[in-house]
Amino acid sequence: MGVLLLALLVVLVLLPDVPGLRLLRLAAFDAYQSLAPRVRQSAPVVIVAVDEESLRRYGQWPWPRSWLARLVARIAEARPAAIGLDILMPEPDRLSPDRLPELLEGLDREMARKLAGMPRNDTVLAAALRGRPVVLGVAGLEGGAPALPGGLGQVPVRAFGGDPAPFVPRFAGALRSVEEIDTAAAGRGLINVDSEGGVVRRMPLLATLGGALTPSFGIEMLRVAAGAPPLAVRVGAGGLEAVAAGDLVVRTEPDGRAWLHYSRHDPARFLSAADVLGGRVEPGRFRGRLVLIGATALGVSDYHATPVSDRMSGVEIHAQFLEATIDRALLSRPPLARWIEIGMLVAGGLLLVIAVPLLRARTSAVLLLLVVAAALGLGFLLYTQRGVLLDAATPALALAALFTVMLAVTLTEAESQRRALRHQVEQQREAAARLAGELEAARRIQMGTLPRPAAAFPGETRFDLYAMLEPAREVGGDLYDFFRLDDDHLFFMIGDVSGKGLPGSLFMAISKALYKSTALRRHGQVAVMMREADAEISRDNAEGLFVTVLAGILDVRTGELEYCSAGHEPPLLLPRGGRALQRLAEGGGPPLCAVDGFPYVPATRRLEPGDTLCLITDGVTEAAGPDGQLYGRARLEALLGHLGGAASAAEVGEAIRRDVAAFTGGTEPSDDMAVLILRYTGPLSPQG
């Protein structure tokens, strides 16, 4: 079954667009870049930003295009490698001199004539662009006709191996600058970026706009900077493989997209357009660089989420592409990566299929963590060292799902086997317990070994004692005992053997006898009694049974109580004078025969005359009613609180017996029930 499930997971991972898996894969790639972003090795790109400071000095956006002409001219004077305008200008400049009379009412005719004779702003900007290495941005439109008529101008492309057009993204139309400005530029590039799940991770290097093959903004800037040679495109059987601009070769996905490798936002990339226009920037900042001009001010810029930032301007994303391309640091996802992922899943899955049924659950969980850590570590290593995007998250998730199913089935099978074994043992015990004659005799013998308070302490006035045992079957595993260690020290105990019926009664008799023998040898040392009794009872415990015990020694002169619990229900103290009921949970350790040589710790408490101790076995709290509900500790504590501290030991014990009987309503008991009530009356008065 594990192999079949593994095969199904492999098929799911092989499918390209399973809902949810692609988002998980992209999230893993984002985590790589968020943890270890690209480190800037060179600074080939400068961004001249129309930022908040620029708007404060020169007014709202868009500016007159004559100002853009001045900005381009100042930058071009420093001989940059290329200038990219990440600004769309699809309409004539409304602030041109010839259009001002339309905006300014009451302008005299002479002034209007002079303004009409001045060159238009679009003409001024076109003149500033002409003959310079300037690339304009073009936006692809999913539907509809181009915003302006006319062609986009063909970029020379040399394709090797086939036609790239069928593989690259297609846009029905384009939004470009007015024709006068557009034709003056040295190149045009697509400024669209891919947003997958709201995050920009890839960028198309080629696309068709209205049927014309158009490069991306960054690739066109590299082509213009290299002297405008033709773009070289290598096409394989499955799609595009690489795009080259001059000496720079960029590996692509089959659809012509490239994975961006981001660095953190760096203010050193940016220069304010206001500083450039004001002549406050050294020309050397632009010489030989790729200069991008774009708006970054809030409200006028296009911001996108990236793996390293929730908000990054579009012009900075293009700068990131140019930097990573020039530094040869773009990310890639070669076809081999998919097969490495499948190999990790198959190898790790087969290991889990073999190991989970053989190992313990905790060990197999550690194995899963090691396998997942190895897969994630390999993915992160390939990213940091080779720039390869390996999806380790999807195989890790698949391995976790495989492990969960395998572990659930294994545990279910083991639990089924344990239940079957437990059922078989119970059947054998029931068959033995139904030997009516022998069990009846065993019952008389067992009950006869239990002491009776009236016979054990005739005329005693310093304490009041009540004891009761009701086996669930003919014989049971609960026990109690009490006797004097000397004239002033009373020993008492109550216990519960793990088991019922004949085996439990035999082990109960052995435990009671051995414990009493130990107690008589060790006067006044209840913890030492517990340790020695544990050793004595464990010695001949061939069946591996255990017994819970609560033992104590009461100094009847002073009320000093020393007690110790071996995994037993803590006793309840019902103080005199209406004080709150208390649980004596201090001291003790695990049940006898459970842990060899355990150092049991005693606890002490001074009883005041009138204080009552209530000791029970779990047959009281776990008594089941006809509806299956349990009697519970809360009901017992409520009963004792209602009785108060003035009730005698017999009144308390009988009240418990009657209340449990009324609760169960004649339902066959599932466990033995024992109750031991000790009321300390003090050395003088039996009433306290």
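Quick note: residue numbers are just sequence positions, from 1.
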Worksheet item: Tell me, do V308 and S34 make a side-chain contact under 4.5 Å, heavy atoms counted?
Response: no
Worksheet item: Of all heavy-atom pairs between S54 and A49, which one has the smallest distance, and what is that distance?
Response: OG-O, 3.5 Å
Practice prompt. Would you check if Q60 and L55 make a side-chain contact, meaning some heavy-atom pair closer than 4.5 Å?
Written response: no
Practice prompt. Verify side chain to side chain contact (heavy atoms under 4.5 Å, CB included) between M1 and V353, making sure each step is shown before the conclusion.
Written response: CA-CA 9 Å; M1 189 196 69; V353 167; over 6 Å; no
Fill in: Minimum side-chain heavy-atom gap F167-D255 below 4.5 Å
no
Fill in: Any side-chain heavy-atom pair of R269 and Q320 under 4.5 Å
yes
Discussion item. Check this for me: does any side-chain nitrogen of one of D182 and R188 sit under 4.0 Å from a carboxylate oxygen of the other?
Written reply: yes
Worksheet item: Any side-chain heavy atom of W63 within less than 4.5 Å of one from L277?
Response: yes
Discussion item. Name the residue from L85, V45, D86 that meets the side chain to side chain contact (heavy atoms under 4.5 Å, CB included) definition with L292.
Written reply: V45
Item to complete: Please name the pair of heavy atoms, one in G189 and one in V135, separated by the smallest distance, quoted to 0.1 Å.
Response: N-CG1, 3.9 Å
Worksheet, complete the sentence: The residue among Y32, Y383, F321 that forms side chain to side chain contact (heavy atoms under 4.5 Å, CB included) with H261 is Y383
Worksheet item: Would R311 count as a cation-pi partner of Y303, with NZ or CZ less than 6.0 Å from the six-membered ring centre and within 45° of the ring normal?
Response: yes
Practice prompt. Inspect the surroundings of CH2 in W339 and state if more than 12 heavy atoms from other residues, nucleotides or ligands are less than 6.0 Å away.
Written response: no
Worksheet item: Taking C-beta and beyond as the side chain, do R234 and R251 meet within less than 4.5 Å on heavy atoms?
Response: yes
Worksheet entry | Carboxylate-amine/guanidinium proximity below 4.0 Å for R56 and E53 | yes
Discussion item. Run the side chain to side chain contact (heavy atoms under 4.5 Å, CB included) test on V193 and F217 for me, step by step, so that the C-alpha distance in whole Å, both residues' side-chain angles and the decisive distance to 0.1 Å come before the verdict.
Written reply: CA-CA 10 Å; V193 294; F217 190 59; over 6 Å; no
Worksheet entry | Qualifying residue, where the test is side chain to side chain contact (heavy atoms under 4.5 Å, CB included) with V199 and the options are L26, D310, D30 | D30
Worksheet entry | salt bridge (charged side-chain N to carboxylate O under 4.0 Å, His left out) between E341 and R333, worked out | CA-CA 12 Å; E341 295 160 7; R333 180 164 167 77; 2.7 Å; yes
Worksheet item: Which residue, R38, R289, R328, forms the salt bridge (charged side-chain N to carboxylate O under 4.0 Å, His left out) with E323?
Response: R38
Discussion item. So I317 and T306, do their side chains get closer than 4.5 Å, heavy atoms only?
Written reply: yes
Discussion item. Could you check whether atom CG of D247 has more than 12 heavy atoms from other residues, nucleotides or ligands sitting under 6.0 Å from it?
Written reply: no
Worksheet item: Looking at side-chain heavy atoms only, is the closest gap between L136 and L129 below 4.5 Å?
Response: yes
Fill in: Closest contact, heavy atoms only, A81 versus L290
CB-CD2, 4.0 Å
